[in-house]
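By convention here, the first residue in the shown sequence is residue 1.
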Amino acid sequence: MDGPNVNWKFYSMLTLEVKKEHNSHMLNIGSCGLHILHGAFKDGAVVSGWHLDSLFPNLHWLFQDSPARRENNTKVTGSSLFALKFCKHILLENVLAAERTQSMWDSVVKCVPSTMAGKVPQPQNKFFQTVQEFVADPFTTAKGAFFLSVAKQVTPFYSFMSVKREMKEYWNY
């Protein structure tokens with residue numbers, strides 16, 4: 001997409017052509033596909049009710065500023081993978097964070113029960129409580145895989161639109 005006026009002109013010409021040749025209508029998604037796509041993805045994630053936008057950042061902050069907790073987790077699980085930072089307001093930017101969570105989830109599932117059993121000190125914070133709730137849900141892995149699958153499908157278009165917007169800002173056109 002170019003500027004709003006060019007986008008709308010192109011859309012009206014294309015709509016007329018589709019109407020004339022195929023006798024059908026096109027879906028109007030607005031003048032900026034980037035915002036529409038992100039909004040649709042975010043709304044879908046919220047409407048699912050899975051609250052993965054809560055799991056990813058809480059898993060990150062559980063270990064972020066606690067070297068002792070990281071060491072205990074590594075000791076219990078044998079894994080030194082930790083969650084990546086998650087951006088809550090631009091969900092499509094979180095493919096890497098979701099992939100990391102998926103790859104380390106078995107370690108998280110192993111760590112939480114041993115923490116509850118007293119093998120390592122139990123964190124007294126909301127991060128641990130949230131992660132504990134997701135560990136108790138047997139469908140967390142499937143929910144995360146679905147989130148990741150949809151995000152990977154729409155990310156190429158989103159990335160293309162982001163790069164194009166940055167180029168426009170750089171070249172001022």
Side-chain angles (χ1 to χ4, degrees), residues 1 4 7 11 14-15 18 24-66 69-70 73-74 76-77 79-117 122-166:
M1 296 284 185
N7 294 345
Y11 177 77
L14 187 61
T15 302
V18 168
S24 62
H25 298 281
M26 290 182 44
L27 178 64
N28 181 352
I29 63 167
S31 68
C32 181
L34 181 64
H35 291 98
I36 301 301
L37 179 66
H38 176 262
F41 183 77
K42 187 173 183 178
D43 288 347
V46 169
V47 168
S48 73
W50 295 343
H51 305 292
L52 292 173
D53 60 335
S54 175
L55 169 64
F56 298 134
N58 279 296
L59 189 57
H60 168 74
W61 288 111
L62 179 63
F63 297 105
Q64 177 59 27
D65 294 325
S66 180
R69 201 172 297 142
R70 283 175 168 259
N73 181 65
T74 304
V76 169
T77 65
S79 172
S80 60
L81 279 181
F82 295 98
L84 298 175
K85 196 166 186 175
F86 182 82
C87 179
K88 211 167 188 175
H89 61 278
I90 306 177
L91 290 184
L92 285 173
E93 296 283 334
N94 293 304
V95 170
L96 292 176
E99 285 176 333
R100 175 63 66 88
T101 299
Q102 190 177 37
S103 65
M104 65 178 275
W105 190 248
D106 290 339
S107 297
V108 174
V109 169
K110 186 177 179 182
C111 180
V112 169
S114 38
T115 302
M116 298 300 297
Q122 181 176 340
Q124 300 298 319
N125 57 35
K126 68 175 181 141
F127 309 132
F128 182 74
Q129 290 172 343
T130 302
V131 171
Q132 189 178 10
E133 291 169 12
F134 279 95
V135 166
D137 181 359
F139 296 108
T140 297
T141 305
K143 292 172 183 177
F146 184 79
F147 176 93
L148 192 54
S149 172
V150 174
K152 281 182 173 181
Q153 287 178 16
V154 297
T155 296
F157 174 76
Y158 178 79
S159 298
F160 170 74
M161 294 300 290
S162 296
V163 168
K164 190 170 181 183
R165 183 182 66 192
E166 289 172 12

Asks: Does some side-chain heavy atom of Arg69 sit less than 4.5 Å from a side-chain heavy atom of Asn73?
Replies: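 They are not in side-chain contact.
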Asks: Go through the structure and list residues passing side chain to side chain contact (heavy atoms under 4.5 Å, CB included) with Lys85, not counting sequence neighbours.
Replies: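 Listed in chain order: His60, Trp61.
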Asks: If you define the side chain from C-beta out and look only at heavy atoms, does anything of His25 sit under 4.5 Å from Thr15?
Replies: no
Asks: Heavy-atom count check: over 12 atoms from other residues, nucleotides or ligands less than 6.0 Å from Phe127 CZ?
Replies: yes
Asks: Could you tell me if the ring centre of Phe146 sits under 6.0 Å from that of Trp50?
Replies: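 Under 6.0 Å, so yes.
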Asks: With Ser79, which residues qualify under side chain to side chain contact (heavy atoms under 4.5 Å, CB included), at least two apart?
Replies: Thr77, Leu81, Ser107
Asks: Kindly write out the residues that satisfy ring pair (Phe, Tyr, Trp, His ring centres under 6.0 Å) with Trp105, not counting sequence neighbours, or none if the list is empty.
Replies: none
Asks: Indicate yes or no: at least one non-hydrogen side-chain atom of Val108 is less than 4.5 angstrom from one of Val135.
Replies: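 They are in contact (side-chain heavy atoms under 4.5 Å apart), so the answer is yes.
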Asks: Got a donor-acceptor contact below 3.5 angstrom from the Thr140 side chain to the Ala136 backbone?
Replies: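 Answer holds: no.
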Asks: Taking side chain to side chain contact (heavy atoms under 4.5 Å, CB included) as the definition, give me every residue that meets it alongside Ser24, ordered by chain and number, with sequence neighbours left out.
Replies: Val18, His22
Asks: Between Asn94 and Cys87, is there a donor-acceptor pair closer than 3.5 Å when you use the side chain of the first and the backbone of the second?
Replies: yes
Asks: Taking only residues two or more places apart in sequence or in another chain, which ones pass ring pair (Phe, Tyr, Trp, His ring centres under 6.0 Å) with Phe147?
Replies: Phe41, Phe56
Asks: In chain order, what residues pass the ring pair (Phe, Tyr, Trp, His ring centres under 6.0 Å) check against Phe82, with sequence neighbours excluded?
Replies: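 Phe82 satisfies ring pair (Phe, Tyr, Trp, His ring centres under 6.0 Å) with Phe63 only.
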Asks: Considering non-hydrogen atoms only, spot the tightest contact between Gly49 and His51 and give its length.
Replies: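 In this case the closest contact between Gly49 and His51 is O-CD2, 3.0 Å.
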Asks: Does anything in residues 124-152 pair up under salt bridge (Lys or Arg N to Asp or Glu O under 4.0 Å), and if so which pairs, sequence neighbours excluded?
Replies: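 Residue pairs with at least one partner in residues 124-152: Glu99-Lys152, Asp137-Lys143.
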Asks: Is any side-chain heavy atom of Val109 closer than 4.5 Å to one of Thr141?
Replies: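 The answer is no, as the side chains (C-beta and beyond) never meet within the 4.5 Å cut-off.
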Asks: For Ser48 versus Ala45, what's the shortest heavy-atom pair and its separation?
Replies: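 Minimum heavy-atom separation between Ser48 and Ala45: OG-O, 2.7 Å.
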Asks: State the OG1-CG distance between Thr101 and Leu84, to the nearest 0.5 angstrom.
Replies: 7.5 Å
Asks: Applying side chain to side chain contact (heavy atoms under 4.5 Å, CB included), name anything that partners Thr115, two or more places apart in sequence or on another chain.
Replies: Cys111, Val120, Gln122, Pro123, Phe128
Asks: Tell me, please, which residues at least two apart from Thr74 pass side chain to side chain donor-acceptor pair (under 3.5 Å).
Replies: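 Residues passing side chain to side chain donor-acceptor pair (under 3.5 Å) with Thr74: none at all.
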Asks: With a 4.5 Å heavy-atom cut-off, do Met104 and Leu59 have their side chains touching?
Replies: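 Sidechains of Leu59 and Met104: in contact.
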Asks: If I take atom CG from residue Asn125 and atom CG from residue Leu62, how far apart are they, to the nearest 0.5 angstrom?
Replies: 6.0 Å
Asks: Keeping to residues at least two apart or across chains, list the salt bridge (Lys or Arg N to Asp or Glu O under 4.0 Å) pairs with something in residues 35-54.
Replies: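 For residues 35-54, and leaving out neighbouring residues, there are no salt bridge (Lys or Arg N to Asp or Glu O under 4.0 Å) pairs at all.
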Asks: Compare every heavy atom of Val112 with every heavy atom of Val131, then report the nearest pair and how far apart it is.
Replies: CG1-CG2, 4.1 Å
